[in-house]
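Data block below; observations after.
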Number of protein chains: 4
Amino acid sequence: MSGTPAFKRLPRAVREQQMLDAAVRVFSRRGFHAASMDEIADDAGISKPMVYAYLGTKEELFIACLHREGARMTAAIAGAAAPDLPADERLWRGLRAFFGFVGGHRDGWAVLYRQARGSQPFATELAAMRNRLVEVVAGMLDHALRARGREVSATDLEVVAYALVGASESLADWLADHPEADPERTAGRMMNIAWLGADRLLHGASWEEGRAPS
Amino acid sequence: MSGTPAFKRLPRAVREQQMLDAAVRVFSRRGFHAASMDEIADDAGISKPMVYAYLGTKEELFIACLHREGARMTAAIAGAAAPDLPADERLWRGLRAFFGFVGGHRDGWAVLYRQARGSQPFATELAAMRNRLVEVVAGMLDHALRARGREVSATDLEVVAYALVGASESLADWLADHPEADPERTAGRMMNIAWLGADRLLHGASWEEGRAPS
Amino acid sequence: MSGTPAFKRLPRAVREQQMLDAAVRVFSRRGFHAASMDEIADDAGISKPMVYAYLGTKEELFIACLHREGARMTAAIAGAAAPDLPADERLWRGLRAFFGFVGGHRDGWAVLYRQARGSQPFATELAAMRNRLVEVVAGMLDHALRARGREVSATDLEVVAYALVGASESLADWLADHPEADPERTAGRMMNIAWLGADRLLHGASWEEGRAPS
Amino acid sequence: MSGTPAFKRLPRAVREQQMLDAAVRVFSRRGFHAASMDEIADDAGISKPMVYAYLGTKEELFIACLHREGARMTAAIAGAAAPDLPADERLWRGLRAFFGFVGGHRDGWAVLYRQARGSQPFATELAAMRNRLVEVVAGMLDHALRARGREVSATDLEVVAYALVGASESLADWLADHPEADPERTAGRMMNIAWLGADRLLHGASWEEGRAPS
DNA sequence: TATGAATGAGGCTTCATTCAT
DNA sequence: AATGAATGAAGCCTCATTCAT
């Protein structure tokens, strides 16, 4: 009655983080649809109307989660792969950071991400994020190609980047499903695959000239 | 009275196919959770209880869709990539069949597949399907490697195959999202990526010996 | 196509018995509401429309079961307790027959009976059956009383008979719930209780004259 | 605005009682299966989700009714039959309280009780309640027997108690079905039956020594 | 700021029952 | 005589969301 507990009447910013933490936990545990606002509020130790007041609708809340976790991941990668490094070094550091992040947030990012694919409401958000990533990768490839005096169409670049990103996501899934696997080692494997393929591409080789279109 | 079959009292086998058709359409249009059994039944031109009688629960229905579409795709690929062909030819034909299938069923397989990832209930089914695919790819790689007198650990093989499959899935997503894109051309791109990378691997190269762990 | 199996096209009477057998089994196994016409038809090895054609509605079917099983029990008791025997001998034989029947049809009569109590639709049927039984018991008591020159109001007789029947039903429940118990022994116990109480009543005794009303 | 409480936003405890009242009414009126949660909610003047929020599933709701009504009845009996009274006085007061309660709640306890028998989900609950009662009665009998220097096997005691309880339940049914009957008088009749039978048993008599197996 | 109370809406599932062959 | 195909109706339950305090 008198001594209000210290964890009440917290400033808005703090509360929002608590809620997002809880939301990420619950969404990961249950999936978007199976997660209930009740459970999220409970898990955050707060009442439901507060969640609505601070973070809006369930969909908005999920998007907020996506945003925060995506930003964290982006930051981790960007911090590791400085733009002034040589291309292969950037790729390697980027991959290591990516798999490290996924491995360290096994029930965070990877799961949210998997939830988001396939549900239209989040398609936009997700596309935006992936596009940022694809652009970065494509930029790296382009940079390296130009350094060697070659040039490729924007679409080709995009597709190759897309494939690399896809392969990485796929290995990230694999990592999330194999708790005993080592993120660093997985990054190494992905690097091998990507770089060997990219390397050949960079040298202008093609699988069978004249056979496959383009 | 005379020519019109009146669409009534059809034999079970026929109705089941109609239902599956409708289910694939609706699941693709709405996503698993947003799809309602009502809409599926409506779309199939039949009453809800029949759907339950023939195909069971909503989950079971979804799995039935997955099975049918998966079997169709598998058949398409298997029919194209005869096992007695050389490895690169098999890969090329398999990829062409895969992307052709996805391109021809843009609202079918690819979408179902995206829905299925991320929801635990279907994880098992999906894992089984993907594993079959991964095994095939891994088999092809292994075959080619041995033909050149090299040998790689099973895990390494699995991971590479996993990455290739992931890249292909990713490009399939891309294809499903770009209605104007050409499946054949996409297959060619994937082939380039895969084969160039694989080729280097086959020759025993590694990104940077001693740098990445393994 | 040619040699129609022997168990098809059976005469109506036989089919009806098969259905009733199945119905009793299923009703006992599941309870009235949880039992489905589908399961009953299946269990009878027959199609649903036949059940409706022969035995009508689900409620009517249940009543038919009640009738048949009730008649069998009544017959068993009546066959054992011949009306020309002395009262105590009749009671003893009747009880022995009753508990023997219940013990021998543990998932038949006892269960149906328990289902029927409590559901209004069958109240009438059940009341009729019980009333027949109560009348018989009351008649036995009355006969014995008059033989000793005493007379009791019809209501009192009914209530006592009702209590005895109730006690027996209760022990029948107990018997149905204790598969290891011996029906004969249970009959003996009930006989003791009934006869000792009745005997005192027959001698005109009352618990505490002037204390309890009547 | 001023005096009318408007029947809204009541505290949980109050609403729960209202719901239980409504549930008892509806279950009694319709039977467990025929009763719909809709009708219960309507009858309670509240929306369905509140019922689920406070009292859970339909089954749980029924059990809650059973509990509350059972507890009330137990309290009524226990309050009347003080343990320091002589056995016959305790029995008489207990019976009077029991029949008084049943008579006063004709659409409550007796009907619920009848519903509960026969449905497996409630068997456990009911068995527990009845067993408590049987134990009390058996205890009374045992106490009286020992006071007279006699001793009976536990099983015999249980069966006799079971029969007495069954007879009482049966008369309670009869009472519920005869709105014009007088509870007190019914209690007197049951007392006569029970006490006279018990009295003989207490004196060591048996229906016919050597005839019935024990 | 914070919350207990409250609900509209909608989804899945099951069944008894009947046609049409 | 017999059945596979078909459905209207209804029930349970859950949830996102909002009042009123």
Side-chain angles (χ1 to χ4, degrees), chain A residues 4 8-12 15 32-41 45-54 56-61, chain B residues 6-16 33-41 44-54 56-61, chain C residues 4 8-12 15 32-41 45-54 56-61, chain D residues 6-16 33-41 44-54 56-61:
Chain A
T4 8
K8 286 211 149 199
R9 303 258 163 191
L10 294 181
R12 176 164 185 144
R15 273 275 138 96
F32 176 74
H33 260 98
S36 82
M37 294 299 267
D38 272 287
E39 187 177 357
I40 291 174
I46 234 167
S47 77
K48 248 188 306 177
M50 287 296 293
V51 180
Y52 280 90
Y54 279 0
T57 272
K58 190 185 181 187
E59 260 180 30
E60 291 165 349
L61 175 55
Chain B
F7 282 153
K8 290 223 153 192
R9 300 269 155 185
L10 298 182
R12 175 171 185 150
V14 176
R15 275 276 132 94
E16 274 183 349
H33 261 101
S36 84
M37 293 299 267
D38 271 289
E39 187 178 358
I40 293 173
I46 218 164
S47 74
K48 237 188 314 174
M50 287 300 294
V51 181
Y52 281 90
Y54 284 174
T57 279
K58 192 184 183 186
E59 253 180 37
E60 289 165 349
L61 175 57
Chain C
T4 8
K8 287 213 144 195
R9 304 259 163 190
L10 294 181
R12 175 165 185 144
R15 274 275 139 96
F32 176 74
H33 259 99
S36 81
M37 294 299 266
D38 272 287
E39 187 176 358
I40 292 173
I46 234 167
S47 75
K48 248 190 304 178
M50 287 296 295
V51 180
Y52 281 89
Y54 280 180
T57 272
K58 190 184 182 187
E59 260 182 29
E60 290 165 349
L61 175 56
Chain D
F7 280 151
K8 291 223 152 194
R9 301 268 155 183
L10 298 183
R12 175 171 185 147
V14 176
R15 274 276 133 94
E16 274 183 349
H33 261 100
S36 84
M37 292 300 268
D38 272 290
E39 186 177 357
I40 292 174
I46 219 165
S47 73
K48 236 189 316 175
M50 286 301 294
V51 181
Y52 281 92
Y54 284 174
T57 281
K58 192 184 182 187
E59 255 180 35
E60 290 166 348
L61 174 57

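Excluded from the calculations below are hydrogen atoms, water molecules and symmetry mates; all remaining heavy atoms, backbone and side chain alike, are included.
C:Thr57 contributes no side-chain N or O that, together with a main-chain N or O of C:Glu60, makes up a donor-acceptor pair within less than 3.5 Å.
Rounding to the nearest 0.5 Å gives a distance of 8.0 Å between CE of D:Met50 and CZ of D:Arg12. Once rounded to the nearest 0.5 Å, the distance linking CZ of A:Phe32 with CD of A:Glu59 reads 5.0 Å. For the atom pair CZ (D:Arg15) and OH (D:Tyr54), the distance works out to 8.0 Å, reported to the nearest 0.5 Å. Separating the NZ atom in A:Lys58 from the CE atom in A:Met37 is a distance of 7.5 Å, to the nearest 0.5 Å.
Listed candidates were F:dC15, F:dC12, F:dT17. Nearest to the side chain of A:Thr57 is F:dT17. Counting only heavy atoms from C-beta on, D:Met50 has its side chain closest to E:dA5 among F:dA2, E:dC12, E:dA5. Closest approach to the B:Arg12 side chain among E:dA6, F:dA5, F:dC12 is made by F:dA5 (side chain taken as heavy atoms from C-beta onward). Set against E:dT1, F:dA6, F:dT3, the side chain of A:Tyr54 has E:dT1 as its closest nucleotide. Relative to the side chain of A:Arg15, the nucleotides F:dA6, E:dT3, E:dA2 differ in distance, and E:dA2 lies closest.
Residues D:Gly56 and B:Pro11 each lie close to DNA chain F; by heavy-atom proximity, the contact nearer the 5' end of the strand is made by B:Pro11. Residues D:Glu59 and A:Ser36 each lie close to DNA chain F; by heavy-atom proximity, the contact nearer the 5' end of the strand is made by D:Glu59.
A donor and an acceptor atom never sit less than 3.5 Å apart when one is taken from the side chain of C:Lys58 and the other from the base of E:dT17. No N or O donor and acceptor, one from the side chain of A:Lys48 and one from the base of E:dT3, sit under 3.5 Å apart. With hydrogens and angles ignored, a donor-acceptor pair under 3.5 angstrom links the side chain of B:Arg9 to the base of F:dA5.
Between F:dG4 and C:Ser47, no contact under 4.0 Å exists linking OP1 or OP2 to a side-chain N or O. Residue D:Tyr52 places no side-chain N or O under 4.0 Å from the OP1 or OP2 atom of F:dC15.
Between C:Phe32 atom CZ and E:dA16 atom P the separation is 8 Å, expressed in whole Å. Distance B:Met37 CE to F:dT7 P: 15 Å, rounded to the nearest Å.
With a cut-off of 3.5 Å on both Watson-Crick or G-U wobble distances, the partner of E:dA6 is given as F:dT17.
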